[in-house]
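One structure is given here, and the rest of the page talks about it.
Reminder, nothing fancy here: chain letters follow the sequence lines and each chain counts from 1.
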Protein chains: 2
Amino acid sequence: MTSKQEFIEKLRNSSLRPTKQRINICEILFNRDKTFHFTINDLFNLIKDKTGEKVSLATVYNTVHAFHKKGYLKEIPINSNQTYFDTNVTDHHHFFDVKEEKLIDLKNEHVGPIEIQKSIPGKKIKSVEVLVKLED
Amino acid sequence: MTSKQEFIEKLRNSSLRPTKQRINICEILFNRDKTFHFTINDLFNLIKDKTGEKVSLATVYNTVHAFHKKGYLKEIPINSNQTYFDTNVTDHHHFFDVKEEKLIDLKNEHVGPIEIQKSIPGKKIKSVEVLVKLED
DNA sequence: TTCCTTGTTTATAATTATTCTAAAGAAGAT
DNA sequence: ATCTTCTTTAGAATAATTATAAACAAGGAA
Ligand SMILES: [Mn+2]
Ligand SMILES: [Mn+2]
Ligand SMILES: [Zn+2]
Ligand SMILES: [Zn+2]
């Protein structure tokens with residue numbers, strides 16, 4: 001449980017002005033036990049439902065990208081019509097339930113270390129992600 | 001090197017009528033030594049350039065999805081504004097050069113077997129794909 | 001406080017990838 | 001040749017995302 005005051009400080013420390021909208025979004029995204037996977041639209045609807053206040057869709061996009069740029073959110077590479085984000089910014093892998101369109105964290109120990117035995121000259125590895133698609 | 005006649009037969013055997021457009025697309029996609037990674041727009045432009053004939057964008061979409069449904073193309077899960085397809089339909093992994101927006105095949109032996117040590121009740125694994133993002 | 005600067009929110013328009021529609025055309029069967 | 005079914009096509013529709021620009025709010029200085 002993080003207090004509103006802590007979010008305000010975190011925002012300030014990130015040179016993001018602590019607006020009402022951003023604080024609301026912080027509380028929805030980061031006051032959780034478990035990691036949260038969402039699309040912009042999920043979040044947009046959650047804000048209305050949980051706070052009663054509406055935040056414009058543009059602001060949701062702006063804020064999510066601001067948090068993403070600061071490293072507070074991770075973008076998940078799946079083929080979908082919508083982009084998925086994740087509050088768990090550590091390196092980790094995913095199940096994707098194709099039917100439910102839901103992401104599930106896969107702990108690294110459930111996948112094991114992955115060694116890439118090939119390299120591309122002039123390039124270095126930025127991330128290694130496993131996506132396990134699930135069907136019924 | 002596959003002849004036009006062989007593409008015609010392959011299309012017929014797939015209950016796809018061998019139209020001029022589909023044959024052209026087959027020749028561009030499948031008359032290659034190496035695996036080919038592309039977006040719809042890449043392909044659309046290639047057809048014009050290589051055959052001199054234009055195929056409507058709708059037909060390119062239709063054909064790619066028809067081939068995809070028949071299992072002749074694979075869809076690659078990356079976060080991008082465009083969907084990527086692959087003429088290599090076997091299970092395999094990828095590098096994605098973020099700067100060049102280019103996919104590179106990773107052979108299975110360059111990654112090694114991946115064992116998923118977790119299961120979700122009522123679901124079974126459909127695919128396991130590794131995406132290695134590259135930066136400079 | 002008040003003023004000023006800069007960052008933020010917002011409604012709305014623009015952009016872009018993809019899908020849909022419906023009419024014209026081509027393929028295959030009879 | 002005729003008929004049916006499938007395919008192509010231009011263009012419209014949809015949907016996610018980004019851009020625009022005016023109103024607004026935060027923070028700092030006076
Ligand atoms: Mn996750
Ligand atoms: Mn490939
Ligand atoms: Zn982002
Ligand atoms: Zn498809």
Rounded interatomic separation in angstrom, taking [atom1] from [X] and [atom2] from [N]:
| X | N | atom1 | atom2 | answer |
| --- | --- | --- | --- | --- |
| Y84(B) | dT18(C) | OH | C1' | 16 Å |
| L11(A) | dA25(D) | CG | C1' | 15 Å |
| E9(A) | dG27(D) | CD | P | 12 Å |
| I25(A) | dT8(C) | CD1 | P | 13 Å |
| L43(A) | dA16(D) | CG | P | 15 Å |
| E75(A) | dA16(D) | CD | P | 16 Å |
| K69(A) | dT8(C) | NZ | C1' | 14 Å |
| K70(A) | dT8(C) | NZ | C1' | 14 Å |

With sequence neighbours excluded, what pairs up with S14(B) under the side-chain hydrogen bond (donor to acceptor under 3.5 Å, both in side chains) test?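 Applying side-chain hydrogen bond (donor to acceptor under 3.5 Å, both in side chains) to S14(B) gives Y72(B).
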
I'd like a list of close polar pairs between nucleotides 9-12 of chain C and the protein, N/O only, cut-off under 3.5 Å.
from	atom 1	to	atom 2	distance (Å)
dT9(C)	OP1	T19(A)	OG1	2.5
dT9(C)	O3'	Q21(A)	NE2	2.7
dT10(C)	OP1	Q21(A)	NE2	3.2
dT10(C)	OP2	S56(A)	N	3.1
dT10(C)	OP2	T59(A)	OG1	3.0

Residue list, ring pair (Phe, Tyr, Trp, His ring centres under 6.0 Å) with F36(A), at least two apart or on another chain: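 So F36(A) forms a ring pair (Phe, Tyr, Trp, His ring centres under 6.0 Å) with F38(A).
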
Please enumerate all residues that pass ring pair (Phe, Tyr, Trp, His ring centres under 6.0 Å) together with H37(A), with sequence neighbours excluded.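 With sequence neighbours excluded, H37(A) shows a ring pair (Phe, Tyr, Trp, His ring centres under 6.0 Å) to H94(A), given in chain and number order.
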
Name every donor-acceptor pair, under 3.5 Å, that has one atom in a side chain of residues 40-53 of chain A and the other anywhere in the protein, sequence neighbours excluded.
from	atom 1	to	atom 2	distance (Å)
D42(A)	OD1	T39(A)	OG1	3.4
D42(A)	OD2	T39(A)	N	2.9
D42(A)	OD2	T39(A)	OG1	3.2
N45(A)	ND2	N41(A)	O	3.1
T51(A)	OG1	I47(A)	O	2.7
T51(A)	OG1	E53(A)	N	3.1
T51(A)	OG1	E53(A)	O	3.3

Does the structure place the NZ or CZ of K10(A) under 6.0 Å from the centre of the six-membered ring of F30(A), at an angle of no more than 45° from the ring's axis?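 Pair K10(A)/F30(A) counts as cation-pi.
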
Looking at R12(B), I'd like to know whether one of its side-chain N or O atoms comes within less than 4.0 Å of OP1 or OP2 on dG28(C).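 Checking dG28(C) against R12(B), a side-chain N or O does come within under 4.0 Å of OP1 or OP2.
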
N/O (side chain, H65(B)) to phosphate O (OP1/OP2, dT19(C)) under 4.0 Å: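 So the side chain of H65(B) is within the cut-off, an N or O lying under 4.0 Å from OP1 or OP2 of dT19(C).
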
For residues 15-24 of chain B, which side-chain N or O atoms pair as donor and acceptor with protein atoms under 3.5 Å away, sequence neighbours left out?
from	atom 1	to	atom 2	distance (Å)
T19(B)	OG1	R22(B)	N	3.1
R22(B)	NH1	R17(B)	O	3.0

Selection residues 62-71 of chain B - residue pairs positive for side-chain hydrogen bond (donor to acceptor under 3.5 Å, both in side chains), sequence neighbours left out: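 Listed once each, the pairs would be none.
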
Who else is in V89(A)'s hydrophobic cluster (ILVMFWY, side-chain heavy atoms under 4.5 Å, direct or via others)?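 Besides V89(A), the hydrophobic cluster comprises nothing; the residue is isolated.
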
Under 3.5 Å, N/O pairs linking protein and nucleotides 22-24 of chain C:
none

I78(B) CD1 to Y84(B) OH distance, which is reported to the nearest 0.5 Å: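 Answer for the CD1-OH pair, I78(B) versus Y84(B), is 5.0 Å.
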
For residues 106-121 of chain A, please give each side-chain donor-acceptor pair under 3.5 Å, one per line with the distance, not counting sequence neighbours.
from	atom 1	to	atom 2	distance (Å)
N108(A)	ND2	D91(A)	O	3.3
K118(A)	NZ	D105(B)	O	3.4

I'd like a table of donor-acceptor pairs (distance under 3.5 Å, sequence neighbours excluded) in which one partner is a side-chain atom from residues 124-136 of chain A, with atom names and distances.
from	atom 1	to	atom 2	distance (Å)
K124(A)	NZ	D136(B)	O	3.4
E129(A)	OE1	K74(A)	NZ	3.4
D136(A)	OD1	K123(B)	NZ	2.8
D136(A)	OD2	K99(A)	NZ	3.3

Please produce a list of atom pairs where a protein N or O lies less than 3.5 Å from an N or O of nucleotides 15-17 of chain C.
from	atom 1	to	atom 2	distance (Å)
dA17(C)	O3'	N81(B)	O	3.4

